[in-house]
Amino acid sequence: MKCKYIKGTKDFVCEFKDLSIEKIKRVGIVKGGIKVYGTDYYPDEDGRVFIQLLNEDGKPIDDALCLLDMFYPDKTIWFYEAPMIWLNVSKGLYYFDFVVPPTEGIYMITVQCFYVIDETFDYADSVTVIHGVSSGSVQDTWKDDNVYYTVTEKLIAGGGYALDFYFDFYNVSIPSNVTGMTVYWVGRWTSSEETVYFEVYDWCTGGWISLVNNISTNTPTVSNFISVDDHNISCLVSGTDSGTVRVRLRDKDWSEKTEAGDLMTDFIDVQMKYATYGQINNIRGGGEVHVHSPKVSELISSDVWKRYLELYPYIKKVTETVDPQVCIDNQTLLTYINYTFCIGDSCQTVSYNTTQVCPYGCDTQLNECKKPPYIYYAIMFALLIGGVIIYKVFR
């Protein structure tokens, strides 16, 4: 299950060619930059940031390593050097998915891309649960297919809920000209009370290295890039234990007793990034994502507002405006009634269009239903009687 995937031909190759390291060390800056595409979101929506990466000639680049930084509105880091995913069979498209957090404001984004970079993929071979209750098998983490390997927090003696387990990836080798290692995870975490942290084992020191990007209820995908500039990658691959990479996932607040969270892993792999040929180019770009809460009026349809008015008229501030009614034919009168009412600071105007059948016809000049004939006769009779009485009184 170990190989290098060639995106252009969709082949897997396991041979690595030697390359002049002098060429790899040459770094150039491409003119222009990256356009980062985001949009406006509401909290808890599924969000996506994407870029299209082109070279100086306008041709798409499909073998780059693109690293994303995203900042909260208060300018603190949310994601740091998170690898973006190349969209298969696309022309230079890379994307990053997330669940929009509740904090409103502008989320600034920067992206840095390196190419030409290739990668190897290794999938988990075993899993060891220290604290938690597991279901499923490690094979459930080999495909991004909504089939999960789940570990549920377990109540520990004298404490609260605890989660702690690790995946082992066997037979991992380090290619020539390695630039770094990525741990890529897809899944769900159900407890909003706390965060699940990523760590990788350092076989040289016998300790764990904490990774920057972690799992919350707002992160359906998490990726961590470990650069050769920051760590000795050879220490992350056991030289005596079948080339093993060990990735740990755990929470840290074992006193929390509110909820036993489920960590559902759909997919996880370890990727070795390495330069394959030519010059490494470096492109940078930036953008932003806007998060804001919708007004109530944006969420509620006119039909629902009408139903609110019918059920709860006493809690609304209602202004009623009756527009002129009109005869739409000789028998039908159309009446417009506009209601403006508010819930909090969000107001909505709803129009009720009602029609009335005029049994005696619709007066197109007065725009009203004609009165019944007996009313006309009654008025005439009353006028006649009134005239007779007046005549007798003043005769």
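Not measured: the values here are computed from a predicted model. All residue numbers refer to positions in the sequence shown, counting from 1.
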Between Asp144 and Asp266, is there a donor-acceptor pair closer than 3.5 Å when you use the side chain of the first and the backbone of the second?
no
Take atom NZ of Lys252 as the centre, draw a 6.0 Å sphere, and report whether it contains more than 12 heavy atoms from other residues, nucleotides or ligands.
yes
Start with the C-alpha gap between Arg250 and Tyr166, add the side-chain angles, then the distance that decides, and say whether side-chain contact (heavy atoms from CB on, under 4.5 Å) holds.
CA-CA 8 Å; Arg250 69 184 184 100; Tyr166 59 83; over 6 Å; no
Counting C-beta onward and ignoring hydrogens, is there a side-chain heavy-atom pair between Phe71 and Tyr107 closer than 4.5 Å?
no
Is there side-chain contact between Asn213 and Tyr80, with heavy atoms separated by less than 4.5 Å?
yes
Does any N or O in the side chain of Ser223 come within less than 3.5 Å of the main-chain N or O of Pro83, such that one atom is a donor and the other an acceptor?
yes
Close side-chain approach of Ile233 and Ile226, heavy atoms under 4.5 Å:
yes
Are Val245 and Met181 close enough that some pair of their side-chain heavy atoms sits under 4.5 Å apart?
yes
Gap separating the OG1 atom of Thr150 from the CG atom of Leu263, nearest 0.5 angstrom
8.0 Å
Assess Lys273 against Phe225: is NZ or CZ under 6.0 Å from the centre of the six-membered ring, and within 45 degrees of the ring's axis?
no
Close side-chain approach of Ser234 to Ile174, heavy-atom, < 4.5 Å:
yes
Nearest 0.5 Å, what's the CZ-OG1 distance between Phe79 and Thr219?
5.5 Å
Cys327-Cys358 sulfur separation below 2.5 Å?
no
Less than 3.5 Å apart, any donor N or O on the side chain of Ser126 or Tyr170 sitting next to an acceptor on the other?
yes
Main chain of Gln271, side chain of Thr182: is a donor-acceptor contact present, judged purely on distance under 3.5 Å?
no
State plainly whether one hydrophobic cluster holds both Trp78 and Tyr197, where clusters connect Ile, Leu, Val, Met, Phe, Trp and Tyr through side-chain heavy atoms under 4.5 angstrom apart.
no
Heavy-atom closest contact (Thr179 atom, Tyr274 atom, distance)
OG1-N, 3.9 Å
CZ (Arg246) and OH (Tyr201) are apart, to the nearest 0.5 Å, by 7.0 Å
Side-chain heavy atoms nearer than 4.5 Å, only ILVMFWY residues, links allowed to pass through others: does that put Val186 and Tyr148 together?
no
Rounded distance [0.5 Å steps], CG in Asp202 versus CG in Leu236
6.0 Å
Does Tyr149 reach the side chain of Val138, with side-chain heavy atoms less than 4.5 Å apart?
no
Going from OH on Tyr360 to CD on Gln331, what distance comes out if it is rounded to the nearest 0.5 angstrom?
11.5 Å
Work out which heavy atom in Asp363 is nearest to a heavy atom in Leu366; give both atom names and the distance.
OD1-N, 3.2 Å
Go through the steps for Phe167 and Phe165 under the test ring pair (Phe, Tyr, Trp, His ring centres under 6.0 Å), then give the verdict.
CA-CA 7 Å; Phe167 291 103; Phe165 66 100; 5.5 Å; yes
With side-chain contact (heavy atoms from CB on, under 4.5 Å) as the criterion, how do Thr110 and Asp69 come out once you've worked through the C-alpha distance, each side chain's angles and the decisive distance to 0.1 Å?
CA-CA 5 Å; Thr110 62; Asp69 295 337; 3.4 Å; yes
Measuring only between side-chain heavy atoms, which start at C-beta, is Val212 closer than 4.5 Å to Asn224?
yes
Can you give me the closest heavy-atom contact between Thr190 and Met264, atom names plus distance?
CG2-SD, 4.2 Å
Paired with Ile85, the side-chain contact (heavy atoms from CB on, under 4.5 Å) test is passed by just one of Tyr94, Phe96, Tyr184, namely Tyr184
Side chains of Ser191 and Tyr161 in contact at under 4.5 Å (non-hydrogen atoms):
no
Can any side-chain N or O of Asn218 pair as donor or acceptor with the backbone N or O of Val100 at less than 3.5 Å?
yes
Any idea which heavy atoms bring Asn367 and Leu333 closest together, and the distance?
O-CD1, 3.6 Å
Taking all non-hydrogen atoms of both residues into account, name the closest pair between Val49 and Met70 and its distance.
CG2-CE, 3.8 Å
Is it true that a side-chain atom of Asp269 and a backbone atom of Phe121 form a donor plus acceptor pair closer than 3.5 Å?
no
According to a hydrophobic-cluster definition based on side-chain heavy atoms being under 4.5 Å apart (Ile, Leu, Val, Met, Phe, Trp, Tyr only), do Val237 and Phe198 belong together?
yes
What distance separates Ile156 CD1 from Ile130 CD1, expressed to the nearest 0.5 Å?
12.0 Å
Under 3.5 Å, is there a donor on one side chain and an acceptor on the other for Ser227 and Asp230?
no
Kindly work out whether a path of hydrophobic side-chain contacts (I/L/V/M/F/W/Y, heavy atoms less than 4.5 Å apart) joins Val129 to Val133.
no
Would one find more than 12 heavy atoms of other residues, nucleotides or ligands at under 6.0 Å from atom CG of Asp329?
yes
Evaluation steps, side-chain contact (heavy atoms from CB on, under 4.5 Å), between Cys113 and Ile51:
CA-CA 10 Å; Cys113 291; Ile51 65 171; 3.7 Å; yes
Between Val196 and Asn214, the two heavy atoms sitting closest are O-CB, 3.2 Å
If hydrophobic clusters are built from ILVMFWY residues whose side chains come within less than 4.5 Å, do Val99 and Ile109 share one?
no
side-chain contact (heavy atoms from CB on, under 4.5 Å) between Asp164 and Trp254, intermediate numbers included
CA-CA 10 Å; Asp164 193 357; Trp254 289 0; 4.1 Å; yes
